[in-house]
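A note on names: the letters A, B, ... follow the listed sequences, proteins ahead of strands, and every chain is numbered from 1. Reckoned from all heavy atoms, side chains included, excluding hydrogens, waters and symmetry mates.
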Amino acid sequence: MAQIQTPQPVRGTQSMLGEEADRFHAVVAAFDRVRRLFGFKRVEVPVLEPTAVFSRSLGETTDVVSNEMYTFEDRGGDSVTLRPEFTAGIARAYLSEGWQQYAPLKVATHGAAFRYERPQKGRFRQFHQLDAEIIGAGEPQADVEVLLFADQLLRELGLGKTVVLKLNTLGDPATRQAWRDALYEHFNARAADLSPDSRDRLERNPVRILDSKAHGDWPIVDSAPVIDDFLTSEAADFFAAVTAGLDAAGVRWERAPRLVRGLDYYRHTAFEFMTDTLGAQGTVVAGGRYDGLIEALGGPHTPAIGWAAGIERLAMMIDAPPPEQPEAVLVPLGEAAEKAATKLLAELRRDGIAADMAYRGNMKKRMQRAAASGAGHAVILGDAELEAGVAQVKDLATGEQRAVALELVNTAIRA
RNA sequence: GCGAUCGUAGCUCAGUUGGUUAGAGCAUCGGUUUGUGGUACCGAGGGUCGCGGGUUCAAGUCCCGUCGGUCGCCCCA
């Protein structure tokens, strides 16, 4: 007989049950609540996009595009990619779905994203993000708005104390170019002392040397030119307006002059909400302003800002949500009682009471199941009860039990 | 792509310097009890010890390879 090999999950994907799934959903529920408070419209965008959506917008040389994307040809020979992030797809929809007429547009969504990486704590190949964007607003108030959204979400998740906002500005294009040139010059002059990784970055993206993990690089990094010396007055004013808004709203933040972004499309405000409780994956929310992205997709110049948050990372940090439990479990005994219990069960549920029925095993087993479910009450129905038109309603916490008329079981459970 | 570490029952793990038939707890199912749970007792099912090769009279145990998990590097949410 042939051995059937049970298929294993694709590496870096996960299936969740019980508390893990409850945690995941608690994060999404909090996100949706805060999203409404802030007036961000819910949007849905495809998981699958033409590869060009990402390769053009994220930057061809970024790690995500060059070796982390799930890219393949569909049957028609078109190159398609499972989204590695949300922003580019939303920007594409903004252009191709006529959403420009609603600008400035505040939108939010959540769902799966895919990156071909080695899985580890808080990092998966299929992972899930919350995402919020304001498209078509170049004012610093939009930056503040988006940051306040993230801040309130983290507070509602009970993470206000364990997560800190790190903030930086990357300046406008003129600023960024001048700073980048100065960094190149600085690092190139000391290339011999840099770590091999950082030497690689020198040509590709000297800005990224700033967050090198190699200790030997740190003195060189510390003496590197700082962006503040290159900020145009417009860029400096913009950043000042953002931080003033945060201060006015009472959001604590820290300046992180070496915080840069991996993706090419960022300008001005860049930020990460970070924690030290997740090992190597300390970034829990990350985002910034991406005024150049929509142009890179062939659209008109459109300022925009947004962030993404890792649902799994947040889910690992929050307190365990209370498990979902029925309010009552029906315990029928005998065929006639089972029919009556089915009827009562439907009525209770229509009445908004979370209820279940134990239909396997003898009475002891059924009571065990009722108790194990965490229900507050067991509702026992046997021939004697049927005859009297009642059910025995037992409070599983106190052990008290009394006969209740069938039509009053709902109020007895709620009491 | 690189490094470290771990793979024994559905889950968490024990298994001595290599030694007969690989164990426990939890979970599942049955029973003590065809009408009372969160307590007890009895019993049952469930294992090619990740996979392949090697050393040996003998391998869960030692060696090599491979696959998978975990953690770290890179990068990122």
By the 4.0 Å heavy-atom rule, please label [X] as base, sugar-phosphate, or nothing.
X	answer
A/Glu272	nothing
A/Ala372	nothing
A/Gly399	base
A/Val284	sugar-phosphate
A/Ala286	sugar-phosphate
A/Gln368	sugar-phosphate

Using the [atom1] atom in both, what is the distance from [N] to [M], to the nearest Å?
N	M	atom1	result
B/rG46	B/rG53	C1'	29 Å
B/rA24	B/rA14	C1'	7 Å
B/rG7	B/rU61	C1'	14 Å
B/rU56	B/rU17	C1'	15 Å
B/rG72	B/rG60	P	34 Å
B/rG30	B/rG38	P	16 Å

Contacts of A/Asn362 and A/Ala309 projected onto RNA chain B by closest heavy atom; the upstream (5') one is A/Asn362
Who does [N] pair with, Watson-Crick or G-U, both distances under 3.5 Å?
N	result
B/rU20	none
B/rU70	B/rA4
B/rU55	none
B/rG25	B/rC11
B/rG35	none

Among the nucleotides [options], which one has an atom lying closest to any side-chain atom of [X]?
X	options	answer
A/Ile380	B/rC76, B/rG35, B/rG37	B/rG35
A/Lys121	B/rG72, B/rU32, B/rC76	B/rG72
A/Lys394	B/rG35, B/rG30, B/rG37	B/rG37

On the nucleotide B/rG69, are OP1 or OP2 found under 4.0 Å from the side-chain N or O atoms that A/Arg118 carries? no
Can you confirm whether the side chains of [X] and [Y] place a donor and an acceptor under 3.5 Å from each other?
X	Y	result
A/His128	A/Glu312	yes
A/Tyr94	A/Glu133	no
A/Thr81	A/Thr71	yes

Do A/Leu345 and A/Arg349 have side chains that approach each other closer than 4.5 Å (heavy atoms only, starting at C-beta)? yes
Cation-pi check, A/Arg125 to A/Tyr116: give yes when NZ or CZ is under 6.0 Å from the six-membered ring centre and within 45° of the ring axis, no otherwise. yes
